[in-house]
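Okay, so here's the structure we're looking at.
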Amino acid sequence: MPDTDPGSHALRLGVNIDHVATIRNARGGTEPDPVRAALLALEAGADGITMHLREDRRHIRDADLTQVMAAIRAPLNLEMAATDEMVGIARHLRPHACCLVPERREEVTTEGGLDAAGHIVSLMPKIAALRDAGIRVSLFIDPDPRQLRAAVALGAPVVELHTGAYALEADASHELARLQGAASMARDLGLECHAGHGLTVDNVTPVAQLPGVRELNIGHALIAEAVFAGLGQAIRDMRLAMDRAIAA
């Protein structure tokens, strides 16, 4: 999300609504409705909506994207694999931003960051095509200096640091140090830095406090907590935890 539309918070919250569609698709029909989830998320304190259109359409479908984009005024961040099909869809729909992520059909969820450094030649024209369409491009990468330098070489103005390893570790100090170093390096390189994957109310504070991180994208934990507390309350609790982290 750009500096020209920063929202009302020092640290922005992007709410990923993929798993609302996962629940809908488990039984078929139209409920729960991703459009309703997007509107409720924004009302509860989200600064933007994130949706991942996978190759196999396991949760979000093409119609979900068009309907959500028509319903909301906040920025939409489209997560997608760097394929010709997805670039074509993005250029047609023109979401506010696209985050390029690795994708394997057999994985349950995204398992790591994009190897931008190893695929500069293939990524370069796709990123150029998205930028030519007026779409802000981010790369979902591990907190690795090679990947940060590759983002600069590719002309991607934003990186989203993969926090999955941090979220899974019982002693997360090493992974937190990696994230801190990557966030600092991103700032020095002139990249806007986001973070996400596996973040919960219980572990978000250290990541929210990383200097230079401008946005967190969170999905599964919010949808899981919504089963017990409701989606609005889950988002308000996360928003409060982030704001308290910044204040501290």
Side-chain angles (χ1 to χ4, degrees), residues 1-17 37-51 72-79 95-99 113 135-141 143 148 151-152 156-164 166-167 172-173 175-223 225-226 229 231-248:
M1 298 174 194
D3 295 338
T4 54
D5 188 9
S8 59
H9 303 107
L11 177 62
R12 299 189 297 265
L13 171 60
V15 171
N16 186 314
I17 60 171
L39 293 171
L40 197 159
L42 295 169
E43 181 182 343
D47 297 290
I49 300 299
T50 292
M51 305 171 75
I72 68 173
R73 295 185 179 181
L76 178 74
N77 175 39
L78 172 59
E79 292 183 344
H96 175 79
C98 283
C99 183
I135 301 168
R136 200 160 195 245
V137 180
S138 66
L139 304 181
F140 184 74
I141 60 172
L148 290 162
V152 174
V158 183
V159 292
E160 180 172 337
L161 301 179
H162 176 234
T163 56
Y166 158 80
S173 57
E175 291 300 330
L176 185 61
R178 291 184 68 210
L179 291 166
Q180 185 173 16
S184 177
M185 183 176 176
R187 181 179 54 198
D188 292 343
L189 291 173
L191 297 166
E192 182 171 319
C193 188
H194 302 174
H197 201 80
L199 296 178
T200 69
V201 167
D202 294 327
N203 67 21
V204 74
T205 294
V207 177
Q209 292 175 333
L210 290 174
V213 172
R214 298 286 308 280
E215 177 176 307
L216 302 181
N217 283 294
I218 304 174
H220 182 266
L222 297 174
I223 306 307
E225 181 60 20
L231 182 57
Q233 188 60 51
I235 292 169
R236 285 189 290 272
D237 289 344
M238 181 62 74
R239 178 76 265 169
L240 181 60
M242 290 166 58
D243 291 344
R244 284 177 171 169
I246 295 295

Distance in Å, [X] [atom1] paired with [Y] [atom2], rounded so as to fall on 0.5 Å steps:
X	Y	atom1	atom2	result
T205	M242	OG1	CE	10.0 Å
L76	I17	CG	CD1	8.0 Å
L39	L231	CG	CG	11.0 Å
C98	N77	SG	CG	7.5 Å
L148	C193	CG	SG	7.5 Å
L11	L216	CG	CG	4.5 Å

Atom CD of residue position E225 - does it have more than 12 heavy atoms of other residues, nucleotides or ligands inside 6.0 Å?
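Correct, the count exceeds 12.
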List the residues meeting side-chain contact (heavy atoms from CB on, under 4.5 Å) with L176, not counting sequence neighbours, and say none if there are none.
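If we apply the side-chain contact (heavy atoms from CB on, under 4.5 Å) test to L176, skipping adjacent residues, the hits are Y166, P206, L210.
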For Q233, enumerate each residue passing the side-chain contact (heavy atoms from CB on, under 4.5 Å) test, keeping only those at least two apart in sequence or located in another chain.
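Result, side-chain contact (heavy atoms from CB on, under 4.5 Å) vs Q233: A229, R236, D237.
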Tell me the closest heavy-atom pair linking [X] and [Y], and the distance in Å.
X	Y	result
A208	I246	O-CD1, 3.4 Å
P143	R178	O-NH2, 3.4 Å
R239	D47	NH1-OD2, 3.2 Å
A46	V15	CB-CG2, 3.5 Å
I49	A41	CD1-CB, 3.9 Å
A156	L191	O-CD2, 3.2 Å

Name the orientation class of the two ring planes belonging to H197 and H162 (parallel below 30°, tilted from 30 to 60°, perpendicular beyond 60°).
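Tilted: the ring planes of H197 and H162 meet at 30° to 60°.
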Is any side-chain heavy atom of L161 less than 4.5 Å from a side-chain heavy atom of V207?
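No. Closest side-chain heavy atoms not under 4.5 Å.
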Less than 3.5 Å apart, any donor N or O on the side chain of N16 or T50 sitting next to an acceptor on the other?
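N16 vs T50: no donor-acceptor pair found between side chains.
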E215 (side chain) donor-acceptor with H194 (main chain) under 3.5 angstrom:
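Here the side-chain-to-backbone pair does not exist.
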